[in-house]
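Below is one structure, written out as structure tokens; comments come after it.
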Amino acid sequence: MTVTGASAHGTAAVHARGVHKSFGRLHVLRGVDLEVEPSQVLCIIGPSGSGKSTFLRCINHLEKVDAGELSVHGELVGYEQRGSRLYELKDREVARKRTEIGMVFQRFNLFPHLTAQQNVMLAPVQVKGESKATAAERARTLLDRVGLADKADAYPNQLSGGQQQRVAIARALAMQPKLMLFDEPTSALDPELVGEVLDVMRDLAAEGMTMIVVTHEMGFAREAGDALVFMDAGVVVEAGAPRAVLANPRHERTKSFLSKVL
């Protein structure tokens, strides 16, 4: 099942065909097919254990796919094709390609001994070799973009959970990615802090950032998503426009899930 059917996968931001992933005897992804166009926001919903987070981790090669094809902007993820065979890229090349994909996790994973600005600066300096002055200027710009200009010198333990997650978003953006992945970015937050993170994500969507968002926030999916996928048991069960899927799901499994979360 494709989300958009319109793009050839050479021009798609993300193209997945028949993606499988197992952990021992546990078959987590069972042939995922989907396509995401540049500047599109794809939201993925589904019960725990359905393979949503594993699929995200496969996109930036934090997990290796066992079968199928997965490409980002026309380039295979973690592999290169020579003739009819695929060869896994060396770690250094995988790391280089991964810099083009920003990822925001459930947990903020900020370095506690670094300030907000230093957390945002770290990867551009260490991975891309940017000067500290250039990285610092971009860090200040990004912290302002996520509403934290006044927290540049604060340490993580001086920030709320929502503020820490916004720093994590700024940190991902500091690498100037072509694609942003969000793995349930609000699930670890107190309810009153969820809105400030979703607002930043809405702004990114409005600016044309290509995003894949695993989320339980149905309101965000309805308002900001261009496409919605419901996953269960490692497969895409249903896909379509968010408002249509949420209001009139076709598949019984989708109906059952939404009846419990809406």
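- Under the 4.5 Å side-chain criterion, counting only non-hydrogen atoms from C-beta, Met211 is not in contact with Asp226.
- A side chain to side chain contact (heavy atoms under 4.5 Å, CB included) with Ser53 is found for exactly one of Ile44, Asp183, Val28, namely Asp183.
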Checklist entry - side-chain hydrogen bond (donor to acceptor under 3.5 Å, both in side chains) between Ser256 and Ser259: does it pass, once the steps are laid out? => result CA-CA 5 Å; Ser256 174; Ser259 72; 4.8 Å; no
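- Looking at Ser71, its side chain never comes within 3.5 Å of a backbone N or O of Gly74 through a donor-acceptor pair.
- Looking at heavy atoms from C-beta onward, Pro156 lies out of side-chain contact with Phe108 at the 4.5 angstrom threshold.
- For Glu207 and Arg145, the salt-bridge test passes: some basic side-chain N is under 4.0 Å from an acidic carboxylate O.
- Both Leu34 and Leu181 are assigned to one and the same hydrophobic cluster, defined by single-linkage of ILVMFWY side chains at heavy-atom distances under 4.5 Å.
- Closest of all the heavy-atom pairs between Ala233 and Arg30 is O-CD, 3.1 Å.
- In this structure, the side chains of Asn60 and Val77 stay at 4.5 Å or more apart for every pair of heavy atoms.
- Between Ile59 and Leu179 the shortest side-chain heavy-atom distance falls below 4.5 Å.
- The main-chain N or O of Leu246 is never found under 3.5 Å from a side-chain atom of Arg222 such that the two would form a donor-acceptor pair.
- Across all non-hydrogen atoms, the minimal contact from Ala172 to Gly102 is CB-CA, 4.2 Å.
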Next on the checklist: Between Met180 and Leu173, does the side chain to side chain contact (heavy atoms under 4.5 Å, CB included) criterion hold? Intermediate values first, please.
Outcome noted: CA-CA 8 Å; Met180 285 286 287; Leu173 293 172; 4.0 Å; yes
Checklist entry - Are Asp66 and Val19 close enough, and set up right, to give a side chain to side chain contact (heavy atoms under 4.5 Å, CB included), and what steps lead you there? => result CA-CA 7 Å; Asp66 297 324; Val19 172; over 6 Å; no
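- Using modelled atom types, one side-chain atom of Thr210 and one backbone atom of Ser39 make a donor-acceptor pair closer than 3.5 Å.
- Residues His216 and Val261 fail the side-chain proximity criterion, which asks for heavy atoms closer than 4.5 Å.
- Although no hydrogens or angles enter the test, the distance criterion places a donor-acceptor pair under 3.5 Å between the side chain of Thr215 and the main chain of Glu217.
- Counting Ile, Leu, Val, Met, Phe, Trp and Tyr side chains that sit under 4.5 Å apart, directly or through other members, Val125 stands alone, with no cluster partners.
- Distance alone, capped at 3.5 Å, is enough to place a donor-acceptor pair between the Gln163 side chain and the Ser160 backbone.
- Gln165 places a side-chain N or O within donor-acceptor distance of the main-chain N or O of Phe105, the cut-off being under 3.5 Å.
- Side chains of Pro249 and Leu258 form a contact here, defined as non-hydrogen atoms less than 4.5 Å apart.
- In this structure, the side chain of Glu137 does not engage the main chain of Thr134 through any donor-acceptor pair within 3.5 Å.
- For His251 and Glu238, the side-chain atoms include no donor-acceptor pair closer than 3.5 Å.
- No more than 12 heavy atoms of other residues, nucleotides or ligands sit less than 6.0 Å from atom CG of Asp91.
- Ala221 and Cys43 make their closest contact through CA-SG, 3.7 Å (heavy atoms, listed as atom of the first residue, atom of the second, distance).
- Each of Glu37, His73, Glu69 was scored for a side chain to side chain contact (heavy atoms under 4.5 Å, CB included) with His15, with one residue passing: Glu69.
- At least one donor-acceptor pair under 3.5 Å links the side chain of Thr115 to the backbone N or O of Gln118.
- No path of Ile, Leu, Val, Met, Phe, Trp and Tyr side chains, each step under 4.5 Å between heavy atoms, connects Val213 with Val72, placing them in separate hydrophobic clusters.
- Checking side-chain atoms of Arg166 against main-chain N and O of Val197 turns up no donor-acceptor pair under 3.5 Å.
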Item to check | Worked check of side chain to side chain contact (heavy atoms under 4.5 Å, CB included) between Leu143 and Arg171 | outcome: CA-CA 9 Å; Leu143 288 171; Arg171 177 180 59 184; over 6 Å; no
Item to check | side chain to side chain contact (heavy atoms under 4.5 Å, CB included) between Ile45 and Phe257, worked out | outcome: CA-CA 9 Å; Ile45 63 173; Phe257 174 78; 4.1 Å; yes
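- Pairs engaging residues 121-133 under the salt bridge (Lys or Arg N to Asp or Glu O under 4.0 Å) rule: Glu130-Arg138 [sequence neighbours left out].
- Val146 is connected to Leu193 through a chain of hydrophobic side-chain contacts under 4.5 Å among Ile, Leu, Val, Met, Phe, Trp and Tyr, so both are in one cluster.
- Under the 3.5 Å distance criterion, the side-chain polar atoms of Asn119 are matched with a main-chain donor or acceptor of Phe111.
- Cys58 is listed as a side-chain neighbour of Leu29, based on a closest heavy-atom distance under 4.5 Å.
- Between Met201 and Leu198, the closest side-chain pair of non-hydrogen atoms falls below 4.5 Å.
- A salt bridge does not link Arg17 to Asp33: none of the charged side-chain nitrogens sits closer than 4.0 Å to a carboxylate oxygen.
- With a 6.0 Å cutoff to the six-membered ring centre and a 45° limit on the axis angle, Lys52 does not count as a cation-pi contact of Phe55.
- Using a 4.0 Å cut-off between a side-chain N of Lys or Arg and a carboxylate O of Asp or Glu, Lys90 and Glu93 do not qualify as a salt bridge.
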